[in-house]
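Notes follow once the structure below has been shown.
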Amino acid sequence: MGTQLLTLDLADWQAATPQPAWISALEAGQVLYFPKLAFALQPQERALLTPALLSPDVRNISLDAQGHLKGVAGDAAVQAAVAAMVGRFRRQAEQLVHSLLPHYTPALRLAPTSYRPAQVETRVQSWRADDKRLHVDAFPSRPNYGERILRVFTNVNPDGLARVWRVGEPLEAVARRFLPRAKPYVRWQARLLQALRVTKSLRSEYDHLMLQLHDGMKSDADYQQNAPQETVPFAAGSVWVCFSDQTPHAVMSGQFMLEQTLHLSAARQYNPDASPLAILSRLTGRTLV
Ligand code: SIN
Ligand code: FE
């Protein structure tokens with residue numbers, strides 16, 4: 001496997017010009033890595049770099065598209081300071097995406113911004129929720145019908161610690177390996193899950209298959225160990241961007257990251273044929289949504 005990482009020199013959130021080679025790499029599932037692009041914290045924001053900010057029982061802090069902040073333990077001043085920091089990251093992440101990928105701009109749908117102050121290494125989770133295992137993002141309760149999950153990440157670790165990921169093979173290779181083992185889609189089961197409100201809308205065959213890939217990868221210890229993959233330390237003070245529904249990824253260590261999710265219809269990509277929906281439709285020979 002060649003590297004799935006494209007390292008780029010950009011140092012300004014707004015100054016990117018759209019580059020066809022970067023766009024096709026991103027849409028092929030590669031990670032765009034910007035080691036010189038930092039999210040600058042204000043001096044007083046250093047005090048917000050602590051897991052003590054997390055409300056009991058939450059993993060992440062999030063700022064939703066309407067501007068509501070969730071997951072912060074602290075008084076009104078702390079809440080306002082966190083909302084300002086996360087909101088500023090959101091604006092910079094949006095500027096970056098708008099300048100790199102202008103064709104997406106009118107079609108993007110903003111999802112929550114998250115701030116993750118917890119240390120990755122000490123988190124204990126069930127295998128299915130364990131992001132230390134290689135996976136593509138797919139969510140059991142929220143069918144997306146092929147809508148893309150574009151994510152902008154920044155490592156704001158104050159001690160210079162990298163956020164270490166493993167990045168896996170292209171999605172087509174994942175699908176060729178795991179589709180033959182996937183449980184078949186059963187429409188009445190999808191209807192039942194919806195009636196029981198396990199899913200917020202009817203799970204499509206696309207959503208079913210993406211969950212089968214997610215679970216197939218995470219539950220296969222041999223795949224986790226031996227699949228084509230590279231270990232990537234994302235430096236403190238860097239930014240990286242990928243389609244997390246397409247790029248197999250696992251987070252191995254690190255602390256203090258901000259992340260912005262943007263959704264995009266696969267039809268509005270530069271090359272819709274590169275999307276997971278197109279890949280899975282081709283490999284199954286079926287219309288999946
Ligand atoms: C994930 O999206 O699986 C986790 C990424 C991270 O926390 O670095
Ligand atoms: Fe993930």
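Each ligand, and each atom within it, is numbered from 1 in the order the structure gives.
- Taking 4.0 Å as the cut-off, E259 does not count as a neighbour of ligand 1 on heavy-atom distance.
- Protein heavy atom nearest atom 2 (O) of ligand 1, with residue, atom name and distance: H249 NE2, 3.3 Å.
- Distances from the Fe ion (ligand 2) to the N/O/S atoms of H135 are shortest for NE2.
- By the 30° and 60° cut-offs, the orientation of the rings of F234 relative to W165 is perpendicular.
- Here the N, O or S atom of H249 that is nearest to the Fe ion (ligand 2) is NE2.
- Note on E205 versus R187: no salt bridge recorded, every NZ/NE/NH1/NH2 to OD/OE distance being 4.0 Å or above.
- The Fe ion (ligand 2) lies closest to atom OD1 when only the N/O/S atoms of D137 are considered.
- Scanning the protein heavy atoms around atom 4 (C) of ligand 1, the nearest turns out to be R116 NH1, 3.6 Å.
- For Y115 and F89, the gap between ring centers reaches or exceeds 6.0 Å.
- What sits closest to atom 8 (O) of ligand 1 on the protein, heavy atoms only, is R163 NE, 2.7 Å.
- Backbone or side-chain N, O or S atoms of D131 do not reach the Fe ion (ligand 2) at under 2.8 Å.
- Atom numbering of ligand 1 starts at 1 in the shown order; those under 4.0 Å from a heavy atom of V251 are 4 (C), 6 (C), 7 (O), 8 (O).
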